[in-house]
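These notes concern the structure reproduced below.
In what follows, chains carry the letters A, B, and so on, assigned in the order in which the sequence lines appear, proteins first and then strands, with residues in each chain numbered from 1. In this text, all values refer to a predicted model and were calculated from it rather than measured experimentally.
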Amino acid sequence: MDYNFIEIEKRWRDYWRSNQTFKTFDDITRPKYYILDMFPYPSGQGLHVGHPLGYIASDIITRYKRLRGFNVLHPMGYDSFGLPAEQYAIQTGQHPAITTSKNIDTYRRQLDLIGFSFDWDREVRTSDPEFYKWTQWIFIKLFDSWYNREEDKAESVDTLIEKFQDSGSGNVDAAASDHEVFSAEEWNGWSETEQRNMLLNYRLAYLSETSVNWCPELGTVLANEEVKDGVSERGDYPVERKLMKQWSLRVTAYADRLLSGLDEIDWTTALKEMQRNWIGRSEGATVNFTIDGFDETLEVFTTRPDTIFGATFMVLAPEHEMVAVITTNSRKAEVDEYVKLAMKRSERDRMMDVKSVSGVFTGAYALHPFSGDNIPIWISDYVLIGYGTGAIMAVPSGDQRDWNFARHFELPIVSIVSDTDISEGANENKDGVMINSDFLNGMKISEAISTIIKHVEEDGVGTAKINYKFRDAVFSRQRYWGEPFPVYYKEGTPYMLDESELPLKLPDVDKYLPTEKGEPPLARAKNWTTKDGYALETNTMPGWAGSSWYYLRYMDVLNEDEFVSEKALQYWQNIDLYLGGAEHATGHLLYVRFWTKFLYDLGYIPFEEPAKKLVNQGMILGEGGEKMSKSKGNVINPDDLITQYGADTLRMYEMFLGPLDQPKPWDTKGIEGVYKFLRKFWRLYHNEGNTFTISEDVANEAELRALNKVIKKVQDDIENLSFNTSVSALMICVNDLSSLKCNKRAILSDLVVVLSPFAPHIAEELWSKLGNDSSISYTSYPEFDEQYLTSDTYEYPISFNGKTRFKLSLPLDLSKDEIEKEVLANEQSIKWLEGKDPKKVIVVERRIVNIVL
RNA sequence: GCCGAAGUGGCGGAAUUGGUAGACGCGCACGACUCAAAAUCGUGUUCUUUCGGGAGUGAGGGUUCGAUUCCCUCCUUCGGCACCA
């Protein structure tokens, strides 16, 4: 075999390892570039060809940037806590740490085979106590912080306690679960437990009884983004709503900054839109309706307060706390039954069945704050407890869902906008002027909105309000294989461990299952208490805890005193380019932004966004165009391809398949083309006998043109992440040089550098054969010479009425008139002119000549 | 239903600011080398044609000397969200 990739690739893998070629230092004399791949969860299946796609792209950029003189941070690690290892542990009794470490070894072996230039000395594993020590540390910081809305940043709870001590809660503007007004005297009179319980309303990590997504099959709660179509993302098990005491993170405090920050970063519009939709900001107002015969009021949120005179009934979510209070005796049986039914229905059923209208009248009436009319209060599951206040004022003329409900139960529909037909459906557009609306009559809708808000606020019945769709993130999991919380309980009140006691390591348990009483697996651990005998938290953190800050740890992975040093942060800053799958749009990528902003607020890091630029690589599909999966049996393993063709071929072929960010089907046959290219490349440097043969002759014009073209094309393409076209450009260049029979050092020495980011093993081999002693990785990318990219003639396409008919080579220094004259005088033009006079001749220099007849 | 991305040969795809549509590769066909095969090399390959041409970038319209590229309407596929008041 002429090009012996097996031998070559092994040689350079060994060389890179023994010479620590890719070890990265904090060299402040050179500009930095931080490029990161989303780290993988090390599953038992190992890698398929889809996984390394992003890693190959990032490795090409890394190697290119090194050639450009950048000090590149390009690390890799493992998101090594997670459900599959735990499920396996439940089945086999094997400790998840053992399975995980075995899987990591497989991943590492596979990654090494592909020739990535990671600095493995900086590897992180989220399940390593030396790593999760700092995850726990950040959790403590979250617990010890509150969000000061006046300053628009997180602060230590000490400042909040001071405010409470000095002047109570009245003047505090905080992100809170439940903001009660109390005086300094009241605060100072409370016991420590009472004070701490009150503070939980403000802490950024807090314990509360919340309605959660409970998955009985997995035995744990799930975050909203871990639930898809009412079933768990992992395993497709049904999910139900359940009230449980859970740790949550107050991510909603950052809603506005998470939104506005999107304008500052170079992420795809699709991804930004997903985050915007997920956060779901909407402007409107809350309005309080008094309930006939009760002291309590019903608060509703509406984005269309202008439609208030069209409100002919109210609807509460079945779970709403007022339902039990206001229901009249005569309606009680029916309401109870409806509530019971609604609670029993799974999320999934509820979603499946959005069309049908159902609901029950409570027997109670609210008073319209302006008209004073009695309006009936109904309950229905089309109103969600989790959004707004869990109650709405129903305006059937303006909202289709309310209209459907009104029609079904024969409730009145009052038109409130002029010239609208509401006989067949609600009018949801915002044209026209208000009617039947008392003091709003005659106003346009935008004017009516601001007017009514003013009224509502003056009358003290409501206030302008911004509402968000997304909720605080539930942060507890009833699982074993996750970070233990650094939390213990004194009489039911949570306390944080001292930092000196971190990491709080995962204890051993006899089984990885919940206890008979239904407690999480950690409750099985012996002596799961503090030194003083206080019970430790038995929940663990969710999978996304470690990934919310891991990118910081790479900068300073061995630091035992801090999660990352200021010095490392000052040099490396945030990620210049982050590559990963779009499936993390509303999970990881929202939380990592949240933690980054939080750490910024506390002054621990000097930037507010984790990644300046982010690219989603498209999925590689099976040969038939469907997702690759074990169950479909269409998984392509990179190891086999590397054995058959070599890693350099695999790398180039994955790039050649198509644009990085688009999904594309795998076609194993196509890899031959890239393999042939590398062999042809090899032969440029070798004679028929496969002996390295290089000429010292001076390069000619044609050879220099081919070389300079590829130098420019590849550098432009890498900057634009257009790797498929740079592979083409390299193929064209090699085809040209082969026809020119070029084996001159003057050309081939630069060419191998251009190829090296893509196919590093063969490049190193030829580089060393060219007589270089050190790795090609740290040489310089060649500069192209403009003079070989331009020419003094241009082959003009000559078109008639926009259709190209022939080509004519003309000197570039001709004027437009001269070009026109030349073209019209040409004998082929005469034929196409058919004796007619051209109406117009368009000459675009260096582009085209178009003759209009 | 709403939001986002994308539709180009038999296939993956190229055409970076409106200027030669189909680069590069796969596949296919034919040829060279060979006893033969593999490998390699060469030639051809959008469709159609009466060999002059004609048509052609999801469909239909528009702007323009000129549109894969810009505008409008629609269709399809993929991804996300989904009773969000």
Side-chain angles (χ1 to χ4, degrees), chain A residues 1-2 228-229 268-278 280-282 284 300-304 307 315 350-351 353-357 380-384 386-395 398-402 404-405 467-470 582-583 585-586 616 618-619 621 623 625 652-653 656-659 661-674 676-677 679-680 683 688 713 716-717 719-720 722 724-732 735 738 795-807 838-844 846-853:
Chain A
M1 191 175 3
D2 41 8
K228 295 261 142 76
D229 299 323
T268 60
T269 49
L271 202 115
K272 289 185 187 181
E273 272 309 300
M274 271 190 235
Q275 292 211 342
R276 287 193 188 106
N277 291 340
W278 187 259
R281 181 184 201 270
S282 49
V300 302
F301 172 74
T302 174
T303 54
R304 292 291 304 276
T307 63
V315 188
R350 223 163 131 163
M351 282 180 183
D353 174 36
V354 282
K355 292 271 145 30
S356 69
V357 177
S380 170
D381 64 4
Y382 87 88
V383 174
L384 306 173
Y387 184 74
T389 62
I392 62 159
M393 61 174 206
V395 183
D399 182 290
Q400 191 57 45
R401 293 155 302 176
D402 297 345
N404 293 343
F405 196 84
N467 205 30
Y468 299 95
K469 211 155 80 176
F470 87 144
E583 66 273 20
T586 51
N616 295 125
M619 200 174 327
L621 308 167
E623 306 220 28
M652 290 199 89
Y653 185 53
F656 189 58
L657 277 177
D661 55 358
Q662 263 161 53
K664 46 208 168 263
W666 179 262
D667 172 23
T668 293
K669 272 185 289 188
I671 200 170
E672 289 280 352
V674 171
K676 275 196 242 173
F677 156 76
R679 301 213 295 176
K680 206 165 171 181
R683 282 200 303 274
E688 285 81 5
K713 178 72 175 157
D716 290 350
D717 283 350
E719 302 282 356
N720 292 322
S722 175
N724 53 330
T725 50
S726 41
V727 176
S728 305
L730 283 159
M731 287 174 168
I732 292 167
N735 288 346
S738 296
E795 192 171 42
Y796 279 91
I798 311 299
S799 51
F800 290 78
N801 290 334
K803 289 205 190 310
T804 307
R805 296 306 183 181
F806 63 92
K807 287 168 193 169
K839 279 195 194 126
K840 200 172 176 186
V841 179
I842 289 124
V843 177
V844 183
R846 290 172 187 236
R847 287 276 187 224
I848 200 168
V849 176
N850 189 20
I851 295 155
V852 187
L853 294 176

Exercise for review: Select from A:Tyr468 and A:Trp278 the residue whose nearest nucleotide in RNA chain B is closer to the 5' end of that strand.
Suggested key: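 Here A:Trp278 is the residue nearer the 5' end.
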Practice item. Could you say whether A:Thr269 or A:Asp402 is positioned toward the 5' end of RNA chain B, judged by the nucleotide with the nearest heavy atom to each? Key: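 The residue mapped nearer the 5' terminus is A:Thr269.
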Distance check, [atom1] atoms only: [N] and [M], in whole angstrom units.
N: B:C26; M: B:A14; atom1: C1'; result: 15 Å
N: B:U63; M: B:G1; atom1: P; result: 32 Å
N: B:G62; M: B:G56; atom1: P; result: 14 Å
N: B:G66; M: B:U48; atom1: C1'; result: 24 Å
N: B:U49; M: B:A55; atom1: P; result: 15 Å
N: B:G7; M: B:C83; atom1: C1'; result: 33 Å
N: B:G58; M: B:C51; atom1: C1'; result: 31 Å
N: B:G22; M: B:A15; atom1: C1'; result: 9 Å

Check your understanding: Using a cut-off of less than 4.0 Å, is there contact between a side-chain N or O of A:Asn735 and OP1 or OP2 of B:G25?
Key ->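 Yes, within the criterion.
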Check your understanding: Using a cut-off of less than 4.0 Å, is there contact between a side-chain N or O of A:Thr586 and OP1 or OP2 of B:G80?
Key ->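 It does not, given that no N or O in the side chain of A:Thr586 lies less than 4.0 Å from OP1 or OP2 of B:G80.
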Which nucleotide, if any, forms a Watson-Crick or G-U wobble pair with [N], using both distances under 3.5 Å?
N: B:C33; answer: none
N: B:C2; answer: B:G80
N: B:A38; answer: none
N: B:U57; answer: none
N: B:U16; answer: none
N: B:C28; answer: B:G44
N: B:C51; answer: none

Review point. Touch check for A:Lys469, heavy atoms < 4.0 angstrom, all strands: base, sugar-phosphate only, or nothing?
Key: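 Answer is base: heavy atoms of A:Lys469 come under 4.0 Å of a base.
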Point to revise | Chi class for B:G31: syn within 90° of 0, otherwise anti | key: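 In terms of base orientation relative to the sugar, B:G31 is anti.
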Check your understanding: Is the glycosidic angle of B:G10 within 90° of 0, making it syn, or outside that range, making it anti?
Key ->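 Chi for B:G10 falls in the anti range.
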Distance check needed: [N] [atom2] versus [X] [atom1], whole Å only.
X: A:Asp399; N: B:G1; atom1: CG; atom2: P; result: 18 Å
X: A:Arg805; N: B:C65; atom1: CZ; atom2: C1'; result: 15 Å
X: A:Lys669; N: B:G10; atom1: NZ; atom2: C1'; result: 11 Å
X: A:Phe800; N: B:G53; atom1: CZ; atom2: C1'; result: 16 Å
X: A:Asp661; N: B:G4; atom1: CG; atom2: C1'; result: 13 Å
X: A:Asn467; N: B:A85; atom1: CG; atom2: P; result: 8 Å
X: A:Glu273; N: B:C3; atom1: CD; atom2: P; result: 10 Å
X: A:Ile392; N: B:A85; atom1: CD1; atom2: P; result: 11 Å

Practice item. Give the B/S/- string for nucleotides 11-21 of chain B, one per nucleotide from 5' to 3', where a protein heavy atom under 4.0 Å of the base yields B, of only the sugar-phosphate yields S, and otherwise -. Key: -BSS-BB-BBS
Exercise for review: State whether a side-chain donor-acceptor pair under 3.5 Å links A:Lys680 with A:Asn735.
Suggested key: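 Present: a donor and an acceptor within the cut-off.
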If you look at every heavy atom in [X] and [Y], which pair is closest and at what distance?
X: A:Asp402; Y: A:Met393; result: OD2-O, 4.1 Å
X: A:Lys664; Y: A:Pro659; result: NZ-O, 2.7 Å
X: A:Phe405; Y: A:Val315; result: CE2-CG2, 4.5 Å
X: A:Ser282; Y: A:Phe301; result: O-CZ, 3.7 Å

Review point. Got a sec, which residues hit side-chain hydrogen bond (donor to acceptor under 3.5 Å, both in side chains) with A:Gln662, two or more places apart in sequence or on another chain?
Key: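 Scan of A:Gln662 (side-chain hydrogen bond (donor to acceptor under 3.5 Å, both in side chains), adjacent residues dropped) gives none.
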Review point. With sequence neighbours left out, what residues match A:Tyr653 under ring pair (Phe, Tyr, Trp, His ring centres under 6.0 Å)?
Key: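 Once residues adjacent in sequence are excluded, the partners of A:Tyr653 under the ring pair (Phe, Tyr, Trp, His ring centres under 6.0 Å) criterion are A:Trp666.
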Check your understanding: Hey, what's the ring geometry for A:Phe806 with A:Phe800, parallel, tilted or perpendicular (30° and 60° as the breaks)?
Key ->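 Ring orientation, 0 to 90° scale: tilted.
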Review point. What is the distance from atom CG of A:Asn850 to atom OH of A:Tyr796, rounded to the nearest 0.5 Å?
Key: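 Going from CG on A:Asn850 over to OH on A:Tyr796, the span is 13.5 Å.
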Can you name the atoms? Protein N/O to nucleotides 39-48 of chain B N/O, anything below 3.5 Å, with the distance.
{"residue": "B:A39", "atom": "O3'", "partner": "A:Arg679", "partner atom": "NH2", "Å": "2.8"}
{"residue": "B:U40", "atom": "OP1", "partner": "A:Arg679", "partner atom": "NH2", "Å": "2.8"}
{"residue": "B:C41", "atom": "OP1", "partner": "A:Arg683", "partner atom": "NH2", "Å": "3.0"}

Please tell me which of the listed nucleotides, [options], lies nearest to the side chain of [X]?
X: A:Tyr382; options: B:C83, B:G27, B:C65; result: B:C83
X: A:Ala270; options: B:G4, B:G27, B:C65; result: B:G4
X: A:Thr302; options: B:C81, B:C65, B:A85; result: B:A85

Check your understanding: By salt bridge (charged side-chain N to carboxylate O under 4.0 Å, His left out), which residues pair with A:Asp716, not counting sequence neighbours?
Key ->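 Listed in chain order: A:Lys712.
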Point to revise | With A:Arg805 via salt bridge (charged side-chain N to carboxylate O under 4.0 Å, His left out) - residues at least two apart | key: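 Once residues adjacent in sequence are excluded, A:Arg805 has no partner under the salt bridge (charged side-chain N to carboxylate O under 4.0 Å, His left out) criterion.
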**Study point:** Residue pair A:Arg304 / A:Asp399, side-chain heavy-atom distance below 4.5 Å
**Key:**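 Not in contact.
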